[in-house]
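Just so you know, these numbers use all the heavy atoms, side chains as well, and skip hydrogens, waters and symmetry mates. Positions are given from 1 along the sequence.
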Amino acid sequence: MFKKIGPGVLVAAAFIGPGTVTACTLAGAGFGFALLWAMLLSIAATLVLQEMSARLGVVTQRGLADVIKSELHSPLLRMLGVAIVLGAIVIGNAAYEGGNIGGAALGLEALFGTFYAPFYPFVIGGLAFALLYLGNYRILERVFVGLVLVMSLSFLVTAIITKPDIGQVLKGMFLPKFPQDSILTVIALVGTTVVPYNLFLHASLVSEKWKSEEDLKMVRRDTLISIVLGGSVSMSIIIAAAAIPGKEITNVMDLAKGLEPLYGDAANYFMGIGLFAAGVTSAITAPLAAAYVANSCFGWKAGLRDRRFKMVWMVILALGVAFMSLGIKPIEIIKFAQIANGLLLPAVAIFLLWVVNRSSIMGRYKNSTVQNGFGLLIIALSVVLGVKSILKVLGMF
């Protein structure tokens, strides 16, 4: 069974990063169960978009960036398309990298206190750089993934222990509403779940694992199981956080209150270890994903050891450390990363929907009317949320 597990688990792993823990804790602590609908909608949107991306990868045996480039025949349009894709990935991943390093820094704060806090971003950046440069991070990555899994299970158990009102939970899931000052939190929940760079990564990884269109059933099952499990953990964090006494979240100790029903006074250490593991794991994968996309956009056909490939992930890693070195609170960096991602989503989703509707690419596996309906609805909702968040930031909403 484990040999059949595909890239879907990597997509789901993006849910359980420090950004997810922070965004979901802020949502639960600030608004109770009222924003569960936003997470449910995000999970559904992720399923729809990642299925399209995976189907594209299997049918074409190419990555999303490669397909977009080949289908834009006008040199001007091709340059514009590549610029949008690179902008979405580089800006999104740089913001994400700041959030990843910030999340790992929060973990170190929980374990070792705040006295050395200014040095934590450089320690984490140096660790990620060494692991990426040496390329020998697989074993360590498995250890970190194991620790993230423990944290995920902890939230699932905590959500049950807090004995939430099932009626209120269902109401929050299926009756959408925007409590006062909740719009940026809604955007953050969407941004932490529907991750634009995952659409590029998924298509590339799927094409490496599965080579035949007959494997589409297995691809879809892998995507469905992984995303539903990841989404369940995200919802559990919101439910657990809704029980936090006081509800004021300003630092990692406040985040850890979500696990106190399960671990008591030891909650800080479990949260610290989990955040550090989630942050370092993501701090490795986000720059790599950006490098793979740049590789496709520029047609380098470069390997992991190629100088150009290394230069891309070094830039993303450096930007992440720079964001964290500006003295901004890690929680604020993480929130910004999720909001930036939510704003970039419409552009990437439009490109994806366009290519999976082209018969010249997908043949008989192009989108059905129902799939297009869901795709257009997701794009429309992401545009509306993006516009609302911009107006909110400008003080006009």
Is the backbone of [Y] close enough, under 3.5 Å, to the side chain of [X] for a donor and an acceptor to pair up by distance?
X	Y	value
Q61	W210	yes
T192	L189	no
T223	V219	yes
R55	L216	no
S182	P179	yes
S368	Q371	yes
D215	M218	no
S53	L199	yes

Exercise for the section: Evaluate the ring planes of W300 and F298, with Trp represented by its six-membered ring, and classify them as parallel (under 30°), tilted (30 to 60°) or perpendicular (over 60°). Expected result: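 Ring orientation of W300 relative to F298: parallel.
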
Practice task
Could you tell me how the ring of F178 sits relative to the ring of W37: parallel (under 30°), tilted (30 to 60°) or perpendicular (over 60°)?
Solution key: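 The arrangement is perpendicular - the two ring planes meet at more than 60°.
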
Please report the shortest heavy-atom distance between [X] and [Y], naming the atom on each side.
X	Y	value
L345	S382	CD2-CB, 4.0 Å
L319	A94	CD1-CB, 3.8 Å
I361	V59	O-CG1, 3.9 Å
I238	G32	CG2-O, 3.8 Å
C24	S234	SG-O, 3.6 Å
M235	L36	CE-O, 3.6 Å

Handout entry: Pair F276-Y120, side-chain contact (heavy atoms from CB on, under 4.5 Å): steps then yes or no
Key = CA-CA 11 Å; F276 177 72; Y120 292 155; over 6 Å; no

[atom2] on [Y] to [atom1] on [X], rounded to 0.5 Å:
X	Y	atom1	atom2	result
I101	I124	CD1	CD1	7.0 Å
I378	L47	CD1	CG	9.0 Å
H202	M52	NE2	CE	13.5 Å
L132	I316	CG	CD1	11.5 Å
N295	D66	CG	CG	8.5 Å
F200	L64	CZ	CG	4.5 Å

Do [X] and [Y] belong together in a cluster built from hydrophobic side chains that touch within less than 4.5 Å?
X	Y	result
L175	I183	no
V321	M311	no
L224	V356	yes
I187	V384	no
L317	V123	no

Within the supplied structure, the quantity of interest is the number of heavy atoms (other residues, nucleotides, ligands) at a distance under 6.0 Å from [X] [atom1]; does it exceed 12?
X	atom1	answer
F374	CZ	no
K69	NZ	yes
K211	NZ	yes

Practice task
State whether F33 and K171 meet the cation-pi test: NZ (Lys) or CZ (Arg) under 6.0 Å from the six-membered ring centroid, and within 45° of the perpendicular axis.
Solution key: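 Cation-pi check for K171 and F33: fails.
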
Problem - side-chain contact (heavy atoms from CB on, under 4.5 Å) between Y263 and Y269, worked out - result: CA-CA 9 Å; Y263 293 118; Y269 298 104; over 6 Å; no

State, with a plain yes or no, whether a side-chain heavy atom of [X] is found less than 4.5 Å away from one of [Y].
X	Y	value
Y116	L108	no
R358	K366	no
S360	E71	yes

Handout entry: Donor-acceptor side-chain pairing of S70 and R62 below 3.5 angstrom
Key =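 A donor-acceptor contact under 3.5 Å links the two side chains.
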
Practice task
Go through M271 and V21 one step at a time and tell me if the side-chain contact (heavy atoms from CB on, under 4.5 Å) criterion holds.
Solution key: CA-CA 10 Å; M271 178 65 85; V21 176; 4.0 Å; yes

Practice task
Might you work through the side-chain contact (heavy atoms from CB on, under 4.5 Å) test for I225 and L229, ending with a clear yes or no?
Solution key: CA-CA 6 Å; I225 293 171; L229 286 175; 3.9 Å; yes

